[in-house]
Protein chains: 2
Amino acid sequence: MSQEKTVYSKLRSMILNGAFDAGERLTELKVCEALGVSRTPVRAALLQLASQNLVIGQSNRGYTVRGITVEDVWGANVVRSVLEGAAAGMVAREGVDGDVRDTLEQSLKDYGQLARHVELSDDFLNNHSAANRVFHETIVSASKNESLFRSIETLAYMPVQINRVVFASDRDFAIQTVQSGLAEHQSVLAAMLSGDGMAAELLMRTHSQKALRGIEHVQGVLGLGPEYRQMPFHKFIGGLGISVVAAE
Amino acid sequence: MSQEKTVYSKLRSMILNGAFDAGERLTELKVCEALGVSRTPVRAALLQLASQNLVIGQSNRGYTVRGITVEDVWGANVVRSVLEGAAAGMVAREGVDGDVRDTLEQSLKDYGQLARHVELSDDFLNNHSAANRVFHETIVSASKNESLFRSIETLAYMPVQINRVVFASDRDFAIQTVQSGLAEHQSVLAAMLSGDGMAAELLMRTHSQKALRGIEHVQGVLGLGPEYRQMPFHKFIGGLGISVVAAE
DNA sequence: CCACCCTCGAATGTATACAAAGTATTCTGG
DNA sequence: CCAGAATACTTTGTATACATTCGAGGGTGG
């Protein structure tokens, strides 16, 4: 599960970046040759990718690659926002533990520091990403619902973290997103602390959906028509000169 | 992926029914001996089970079985209700297609027929289960969100369909559940047809959460104290003399 | 007596050979 | 020339042998 992860990881990256056509038959041998390993680790990788819906497996007939469109990424983000909203609502209703509150407030401080001078350096993007992740993951964990946690984690197998990509395309958009993000985090936390589950859920959901704005923004930058949602995601992102690097 | 599914299926069933202790180390060889097959299909099965969170895998250190508690099943149902609610809301906002509407109305008719005379026969339970499934799955499919669909599907790897089990324990409970279920399906559909996304979401979520009532009902029947949520689920269900048989 | 290191063992990771299943091609009969 | 069946080939499913890695246990030196 570790060294094989390299195989898995490479294959995954290849698929996400369009090394194979959508719907293309993916024989084990083809992958073996492409990666220079035997069938055993390839089979394991394909099984995992199938559980993430990146390839589609049929009994005794191997796998085909499932092309990821912009709409797929959009849809995954919608689901994520629904789940994160639910998590916030649950935490609000059950009450916020002291240490959870501390962690969230600390992440707000970090986030606030960053919001003061937005850069597009790798350092900044990493720090921003980290502070943002702490906030979101802390809330999900605090819901103490393993299925909820896992569902969101599984979604991350899709390329859901697109802000980082989008930021690179437009500094003003980055500044605006970071600053409004801070305000939204604050209002989510306030709602959770006041025990208002409904408000916390809606605020968190709305905030989470901001990722969709990033997609629309890229559409605008690239001047794409309304049919862009059917585009392969890697081509969409490729328009910015960036390749797809998803979590895990 | 087909014949190996037998291995997967057997192992899965064994785990859900408590053939192994929670936290027990599950070496490949042990499973090989138990099922009489070689390590290759066992590895595949374990990989899939790990993606379903039924076993926990660590790099180079094999797997341990993750005991499923009542709380786990509870939590999975909470997530399912959130997702199904979101699906209903999305469908309501985007408008209900004609064929979707037809399918839903037909399922309501079928459901209505069943609600008139509730039995506990296998036939009845199968029919009820089917009509119910059509309603829920049609809505989720109609949302046209692959991630949403897959997320719910993945949750089904947990034993989420508990009504069938619960019905067997109490005829009055079954009657009441079926009849209120019909009314709830009707109001969900009405909200969707009127385009009221918020109402549809809340009604569907509330309806979906009725599964949780089933769990509480079993608790009552068995006379368990509040600590029952930490019980292994198979023991909980075993109190009714029934073994765990989950979807797929 | 304790701490550190070394060695041994058990279990996973990988490669390959063989079996089974499915698909495509070809050959034969009408 | 076409239809159907048999055969050959491609590809997945399974079994097993070998390599690697991690952990446990014992032994040695301080």
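Convention: sequence-line order gives letters A, B, ...; per-chain numbering from 1.
- Regarding B:Arg39, its CZ atom lies at a distance of 16 Å from the P atom of C:dT16, rounded to whole Å.
- At C:dA15, one or more side-chain N or O atoms of A:Ser38 fall inside 4.0 Å of OP1 or OP2 (strictly under the cut-off).
- Residues B:Asn132 and B:Ser129 bring no donor and acceptor atom of their side chains to less than 3.5 Å of each other.
- For B:Arg61 and D:dG23, the CZ to C1' distance is 9 Å, given to the nearest whole Å.
- Remark: aromatic rings of A:Phe236 and A:Tyr228 are close, center separation under 6.0 Å.
- The distance from atom CG of A:Leu47 to atom P of C:dG13 is 14 Å, rounded to the nearest whole Å.
- Summarising the geometry, the separation between CD on B:Glu28 and C1' on D:dA15 is reported as 14 Å, rounded to the nearest angstrom.
- Rounded to whole angstrom, the span from the CG atom of B:Leu29 across to the C1' atom of C:dG13 amounts to 15 Å.
- We find that CD of A:Glu33 is positioned 15 Å from C1' of C:dT16, with the value rounded to whole Å.
- One finds no salt bridge joining A:Arg205 and A:Glu84 here, because no Lys/Arg side-chain nitrogen approaches an Asp/Glu carboxylate oxygen to under 4.0 Å.
- Rounded to whole angstrom, the span from the CG atom of B:Asn60 across to the C1' atom of C:dT14 amounts to 12 Å.
- Aromatic ring orientation, A:His128 versus A:Phe167: tilted (interplanar angle from 30° to 60°).
- Closest to the side chain of A:Arg25, out of D:dT11, D:dT21, C:dT16, is D:dT11.
- Here B:Thr27 lies in heavy-atom contact (under 4.0 Å) with sugar-phosphate atoms only.
- For C:dT12, the OP1/OP2 oxygens have no side-chain nitrogen or oxygen of B:Arg43 closer than 4.0 Å.
- Between B:Tyr63 atom OH and C:dA11 atom P there is a gap of 15 Å when expressed in whole angstrom units.
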